[in-house]
Student: 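Sharing a structure here in structure tokens format.
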Amino acid sequence: MGVYILTIITLLPLAGAITLFLVGRGEKPNENALKRTALLFSLATFVVSLALPIGFNKGAGLQFETNVEWINAFKLGVRYHVAIDGLSLWLVILTTFLVPLALLSSWKSIHKRQREFLAAMLALETGMLGVFVAMDMFLFYLFWEVMLVPMYFLIGVWGGERRIYAAIKFVIYTVVGSLLMLAGIIALYYLHGSATLNFTFDIATITNDVKTHALILDPATQSWLFWLFALAFLIKVPLFPFHTWLPDAHVEAPTAGSVLLAGVLLKMGTYGLMRFNLPIFPDAAHQWAVLISSLAVVGIIYGALVAMVQPDLKKLVAYSSVSHLGFVVLGIFSFTDQGMQGALYQMLNHGVSTGALFLIVGMIYDRRHTRLIAEFGELANVMPVFSTFFMVVTLSSIALPLLNGFVGEFLILIGTFTSTLLPHAKLFASLAALGMILSAVYMLWMYQRVIFGEVRNTSNLELADLNVREKLVLAPIAVLVLLMGVYPSLFLSRTDQTIQSIKARLTPAALGAQASLPASSGPATSRETTGQAGVPALPGHVTEKR
């Protein structure tokens, strides 16, 4: 099982989706049986995924690896290559952790086509997991596109009044970015094959050949390729000014869809930047760092200011995502250990905290069927348990010390402020710090109005507090918020090796060595360069059979 554990984790939810269509087909569906089946498959996926951090070797590179021939027609060199490293480990766990909670949150709120809804959720989980474990560009793109389909239906079928508009807008933005990335993948495939005589889509091979200068891209080519990938990822983040699809998608999506959209899908953009753009196109990353960091800072402040004036709870949380993901992008392009570690940690923090905020908004919406902040008030007396969970998640979102949000944003600000590779780094860090202040303003103001504000509707005085199911949804998140805040080394120690290997590609010495080489080098044919079976190892890369 150890060798194929990533395949099992990735395909288990898809097996659950297929099972949902096979069980009780042609009969009136037993809704509870369908829900339990979907929840069982998602929980099984989470339990199996826990073997990854337990068996993870902190000092190694790619682990739990499966690398076999897949499509060799026309000598394309497409392989089924899945593996994880410190960059993807916790993102896989975040995905498997959030899906069961999202399913539980929708237990009573989905009243039509439940079989299809549950199957779409499980199929979406397979797509998301595949993106994080794929180490072949063809396979990566396949999962990237597969993930789009179930999310389109989640928004378009089970969304709000403007669901069709939001779903189509989401698809248009994502497909444009995906096609740009596909062009970049094809170009990189041929450029690498021409330089090394090894036509492959393997991410590890291409990354290592760039590192060892078996593949040298001139500055103009590198810049073009950088943007073909970067635009796809920045749209997914989304970075200002590509953010306009996000509020519509969040507001119209069902609660479970919003949780996974904010908790996991947005992280695919920042993950892609760290997997592709920094290690494969390091010169272009430096060349465009100021522009992207500027957009990140604009997004931080703009997202916070717009969130501050939102009358709708869900739209407020959506714009807060624009602001928080700006911090992640800024940390990535600081090119420092602290900044990149903080960016990766903030991906997890945002997934936990913002996912919880959407769950909380969904719970109150189920009771009042409104998300307008002005409609609430005095919930502290009638819903004390709800108010307590809401407070913990709110304080987490504004980066209170000893909670998870503080660690990530603190590392990002320190890493950016001390960066010697990012021009105007101190200015960027100072402006980003303003975003932290603004986040405290809009989150605490929102909490005060909802929980302690004046009662404008007497219906608020008759609301029921959280039931057992809703407590089971929020309790694990509250525990994780505290654990990540007081014991971050549990998570950071497993990501350090990968961050170090990415940073090594971005140092002036590494960039200078690349620049000093001739524009073209001969094919990499030595056993030392290509490694076993023509597949090189990343820094610290070991092929393990567990």
Student: Quick one, Tyr165 and Lys169 - any side-chain contact, counting heavy atoms below 4.5 Å?
Tutor: yes
Student: Ignoring hydrogens and angles, write down the donor-acceptor pairs under 3.5 Å from the side chains of residues 432-450, residues two or more places apart or on other chains.
Tutor:
from	atom 1	to	atom 2	distance (Å)
Ser439	OG	Met436	O	2.7
Tyr447	OH	Ser387	O	2.8
Arg449	NE	Trp445	O	3.4

Student: Show the atom names and distances, to 0.1 Å, of all donor-acceptor pairs under 3.5 Å that link a side chain in residues 140-147 to residues at least two apart or in another chain.
Tutor:
from	atom 1	to	atom 2	distance (Å)
Trp144	NE1	Ser178	OG	3.1
Glu145	OE2	Ser178	OG	2.7

Student: Would you please indicate yes or no on a ring centroid separation below 6.0 angstrom for His286 and Phe335?
Tutor: yes
Student: Less than 4.0 angstrom from a charged side-chain N to a carboxylate O is my criterion; do Arg162 and Asp248 meet it?
Tutor: yes
Student: Could you tabulate the donor-acceptor pairs under 3.5 Å formed by side-chain atoms of residues 290-297, not counting sequence neighbours?
Tutor:
from	atom 1	to	atom 2	distance (Å)
Ser293	OG	Ala289	O	2.8
Ser294	OG	Val290	O	2.7

Student: Give me the atom names and distance for the closest heavy-atom approach of Leu225 to Ala187.
Tutor: CD2-CB, 3.7 Å
Student: Determine whether more than 12 heavy atoms belonging to other residues, nucleotides or ligands lie under 6.0 Å from atom CH2 of Trp227.
Tutor: yes
Student: Quick one: does any side-chain atom of Asn208 pair with a main-chain N or O of Ala204 as donor and acceptor, under 3.5 Å?
Tutor: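 Not confirmed, Asn208 side chain does not pair with Ala204 backbone.
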Student: Using 30° and 60° as the class limits, which term best fits the ring planes of His350 and His324: parallel, tilted or perpendicular?
Tutor: tilted
Student: Taking the six-membered ring for Trp, are the ring centroids of Phe170 and Tyr152 within less than 6.0 Å of each other?
Tutor: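 Ring centroids of Phe170 and Tyr152 are no less than 6.0 Å from each other.
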Student: Can any side-chain N or O of Thr196 pair as donor or acceptor with the backbone N or O of His192 at less than 3.5 Å?
Tutor: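 Pair found, side chain donor or acceptor close to backbone of His192.
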Student: Looking at Leu344 and Gly86, what are the two nearest heavy atoms and their distance?
Tutor: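 The pair with the smallest heavy-atom distance is CD2-O, 3.7 Å.
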Student: Give a yes-or-no answer on whether the side chains of Thr336 and Lys503 include a donor-acceptor pair shorter than 3.5 Å.
Tutor: no
Student: side-chain hydrogen bond (donor to acceptor under 3.5 Å, both in side chains) between Ser419 and Ser334: does it pass, once the steps are laid out?
Tutor: CA-CA 6 Å; Ser419 176; Ser334 69; 5.5 Å; no
Student: Within a strict 4.5 Å, meaning less than it, do heavy atoms of the Val393 and Val352 side chains meet?
Tutor: no
Student: Kindly determine whether Asn57 and Gln63 satisfy side-chain hydrogen bond (donor to acceptor under 3.5 Å, both in side chains), including the steps that lead there.
Tutor: CA-CA 8 Å; Asn57 184 346; Gln63 300 177 51; 5.3 Å; no
Student: What's the shortest heavy-atom distance between Gln346 and Gly408, and which atoms?
Tutor: OE1-CA, 3.5 Å
Student: With side chains defined as the heavy atoms from C-beta onward, is the minimum distance between Thr498 and Ile502 less than 4.5 Å?
Tutor: yes
Student: Is the Lys NZ or Arg CZ of Arg494 less than 6.0 Å from the centre of Phe56's six-membered ring, within 45° of the axis?
Tutor: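 Relative to the ring axis of Phe56, which defines the angle, Arg494 lies outside at least one limit.
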Student: Over all heavy atoms of both residues, which pair between Ile206 and Phe201 is shortest? Give the atoms and the distance, please.
Tutor: CD1-C, 4.3 Å
Student: Got Met274 and Ile499 here, is their nearest side-chain heavy-atom distance under 4.5 Å?
Tutor: yes
Student: Given side chains that start at C-beta, do those of Ile373 and Leu316 come closer than 4.5 Å, heavy atoms only?
Tutor: yes
Student: Is the side chain of Ser493 donor-acceptor paired with the backbone N or O of Ser489 at a distance under 3.5 Å, no angle test?
Tutor: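 Confirmed, Ser493 side chain pairs with Ser489 backbone.
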Student: Evaluate Phe229 against Phe281 for ring-ring contact (aromatic ring centres under 6.0 Å, His included), listing each step before the verdict.
Tutor: CA-CA 10 Å; Phe229 283 92; Phe281 315 114; 5.7 Å; yes
Student: Compare every heavy atom of Ser321 with every heavy atom of Thr354, then report the nearest pair and how far apart it is.
Tutor: CG2-OG, 3.5 Å
Student: What I'd like to find out is whether the side chain of Pro238 reaches to under 4.5 Å of the side chain of Leu325, using heavy atoms alone.
Tutor: no
Student: Should the ring pair Phe410 and Phe406 be called parallel, tilted or perpendicular, given that the plane angle runs from 0 to 90° and is split at 30 and 60?
Tutor: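 Ring orientation, 0 to 90° scale: parallel.
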Student: With a 4.5 Å heavy-atom cut-off, do Leu217 and Leu191 have their side chains touching?
Tutor: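 The answer is yes, as the side chains (C-beta and beyond) meet within the 4.5 Å cut-off.
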Student: Should Thr418 and Gln338 be marked as a side-chain hydrogen bond (donor to acceptor under 3.5 Å, both in side chains) after you check the CA-CA gap, both sets of side-chain angles, and the distance that decides it?
Tutor: CA-CA 9 Å; Thr418 58; Gln338 299 98 323; 4.7 Å; no
Student: I need the minimum non-hydrogen distance between Leu246 and Ala318, along with the two atoms involved.
Tutor: CD2-O, 3.9 Å
